[in-house]
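Here is the naming used below: chain letters follow the sequence lines, and residue numbers restart at 1 for every chain. Bear in mind the structure is a predicted one, so any value in this text is a computation, not a measurement.
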Amino acid sequence: MADAAPRARLSPLALAAVLVGVALMLLPLAWTLLLSLKSNADLARDSGAAFGPPYTLENYRAILQSASTFRWLLNSLLVSLLTTTGVLLLCSLAGYAFARLEFPFRRTLFVFVLLGLAIPEQAVILPQHQLFAELRLHNSYPGLVLPGLVGSFGVFFMTQYFKGIPRDLDEAALLDGASRFTIFWRVLLPLTVPAQATLGVFTFLGSWNAYWWPLISATRSDMYTLTVGLASAQMNYAQTSGLGYLMAQAVFASIPIFMVYIVFQKQIVRAMAGTAVR
Amino acid sequence: MKRAALLLPLLLLGCAGGEQRTGVYLQRFFGECTAVYGRETNVAAAEGECGIITAMLNKFNAENPDVRVSDNVVAWPGYPSLTAQMAAKDPPDVVTMHSGVIADYAAKGLLEPVEPYLREAGIDPAAFTEASRRAVAVGGRLYGLPWDTHGGLYHVNTKLFAQAGLMKDGRPVLPSSAEEFLRHARQFKARTGKPYLIQSLVGDPAGQARNLYTYLLAQNADFVPAPGQIRLQTPEARRIVAFYRRINEERLGTLNQDTPAAIASFTNGEGGIYPTGTWMIGQFETDERTPGRPLHDSYAVYPFPRLFGRDVAFVSGHAWVVPKRERSPAERAALARLFRFMADHNGDWARTGHLPAFRDVIEGSKFRALPHRADIAPLAAKGRPLPSVLQRQSAVEGIVGEEVSAAVIGQKPIDAALADAERRINEFLAETQVGTSAS
């Protein structure tokens, strides 16, 4: 409480610029929401109809009436939660190891981890797909979750965070007879909660919004995630004859993400401001 | 206990009976609409692509207790998923495919020729329309059951045409040459104050490609001189692009519209002709029937008119293809039966606006009784797909559309646009061409 820094006051000009920025960002979202509340027939005639009544929930009703929507929602939730949990666990362990333990080829391995940051998903998608095919993991939850666990960024992020924690804590615990794992689990891990929250939020968002890998790995509709399922439900020319439905899908798919943003707002802002790593 | 002992064999028999149902794994686009049509087996009661195909598959399953078709809906157009499934050696049994894509998969040996299935189903390829037969033919073999033909049409606002003095005997007078087109367009604009042509020139490469392909085919231009090669720096191509550029220079067509904007323009009566595909007929018919709408009792539709050379038009189509994989005789028989069923219901599919793939359907009274279908039926005879030796037609279409759009709106000189299109496509094809096959 005592260290709360006084907030800087914005000049009127800066405030105006911020407000314009906010409006520019909100405008497409508001437009999407308005379109989603109009009938497709009205929008096919004139998309400007979104500015006036009558509004309807028929597009949302159509989404909810689809037998598969809740299955896809469940798939997305499961995949995102499992991926997030796995990433937090593995990246914390790896980060701790790189930051605190001495083992052969530690630096070389860390360079490999950093190289992973430079290699885009597209570059490895073919061998990855082939590997999962050989292992018969397509159209399965492991098939959707496992690729997301490979998180170079998460390992790097957690390594840097662990490095920022004073080694005195480890040494004090060692003197008290604590094992390496106890030090990790009981002493250091609780101190990394802000970083965990940041990494967790970003991993969840990334997993929830993932499209390409689920598109080519989960090819059976009962294994679709919400992004792929909603795309499959669209008819051709959805942008012309089903604009309202298309926009309702976008709103529907973003509701869980919106909730995550609301709940973890502080962590997201800190992560964006670069203050999560000390 | 005794009763249980009696029931057990019956239960096992029941289970065994269930297992004997041959599975057919069908994959398609056209959207998902089980909320509305999940239990519908009356195909006549279904509307739209999604509704009709869903009801059809329900009906097939209901009528064939020994076969179970599983309907897997993929995100349009479905090729990333299909390619991934093929790479994983787990392709579906039967898939919807655009005719322009069939050659890509066939050349890589990923599709089965379907003649054996057609034979078993009692379907004679001679029953296909000319356009649909060409659409599935690669290297002298048939690689799919053609399902429809779709292509560009002139959707016409007859009320505005009447105002412009361009109606004769209750039918719109369409131009028969490029010069006449321009004369009509000027007259239309002078009398109605509205553009003759509604165009989606923004973000619609397919529209521009359709115009160019149609009139290149009409001029008999040899624009695919060899597999993996395209030639666009020709007088024929220049003539077509110059014609569309002229339309825009004289402001006889709309500018800066994407597809939704162009559709809205047409349905709101803001122009004379909207050249777009067969797939829009349903929506425009609805407006035609709705009192108070600008298109009420004022809509007609025809194939692209002959403006250059012969009377032909570029068309595409949907087909059911069979990815190559191991299949038991029972699975092959089930596929053949599904093909027969599809063929028998081709007329139902025609309600979507697409043209039927079978001669007897397109010539039948049921089809011709549908609104405007008699007017667009000639497309099935004069429609031509691109030569199947041209692979990656979808990507090629994107490049063609982008460059032609730049030329017709005056962003780029015509010669430069055609040269760039030709170079870009040939470089792309050189990198991606697989095998060679004659159409």
Can you tell me how far the CD atom of Gln199(B) sits from the OH atom of Tyr274(B), to the nearest 0.5 Å? 10.0 Å
Residues at least two apart in sequence or cross-chain that pass side-chain hydrogen bond (donor to acceptor under 3.5 Å, both in side chains) with Thr84(A), listed by chain then number, are none
How long is the gap from CG on Asn40(A) to CE on Met247(A), to the nearest 0.5 Å? 10.5 Å
If I take atom OG from residue Ser316(B) and atom NE2 from residue His98(B), how far apart are they, to the nearest 0.5 angstrom? 6.0 Å
Please determine whether the number of non-hydrogen atoms from other residues, nucleotides or ligands lying under 6.0 Å from atom CZ of Phe314(B) exceeds 12. yes
Residues 48-55 of chain A vs chain B, non-hydrogen distance cutoff under 4.5 Å, contacting residues -> none
Using distance alone, with no hydrogens and no angle criterion, decide if His372(B) and Glu288(B) have a side-chain donor and acceptor under 3.5 Å apart. yes
Side chains of Gln85(B) and His138(A): any donor to acceptor distance under 3.5 Å? no
Rounded to the nearest 0.5 Å, the CZ atom of Phe204(A) sits from the CG atom of Leu88(A) at a distance of 12.0 Å
Would you indicate whether the side-chain heavy atoms of Ile52(B) and Tyr37(B) approach each other to under 4.5 Å? no
For Tyr25(B) and Asn72(B), which I'm curious about, is there any donor-acceptor pair between the side chains at under 3.5 Å? yes
Heavy-atom cut-off 4.5 Å, strictly under: side chain, backbone, both or neither for Ser81(B) against chain A? both
Taking heavy atoms only and a threshold strictly under 4.5 Å, list by residue number the residues of residues 250-260 of chain A that touch chain B; give 'none' if the list is empty. none
So, the part of Asp287(B) with a heavy atom under 4.5 Å from chain A: the answer is side chain
Pick out which of Val95(B), Val73(B), Val69(B) makes a side chain to side chain contact (heavy atoms under 4.5 Å, CB included) with Leu26(B). Val69(B)
Among the listed options Val74(B), Thr267(B), Thr286(B), the residue most often paired with chain A at heavy-atom distances under 4.5 Å: Val74(B)
Work out which heavy atom in Ser76(A) is nearest to a heavy atom in Trp208(A); give both atom names and the distance. CB-CZ3, 3.5 Å
Proximal to chain B - members of residues 209-226 of chain A, heavy-atom separation under 4.5 Å: Tyr211(A), Leu215(A), Ile216(A), Thr219(A), Arg220(A), Ser221(A), Tyr224(A)
Distance in Å, Ser92(A) OG paired with Phe157(A) CZ, rounded so as to fall on 0.5 Å steps: 10.5 Å
Spacing of Thr198(A) atom OG1 and Met158(A) atom CE [to the nearest 0.5 Å]: 9.5 Å
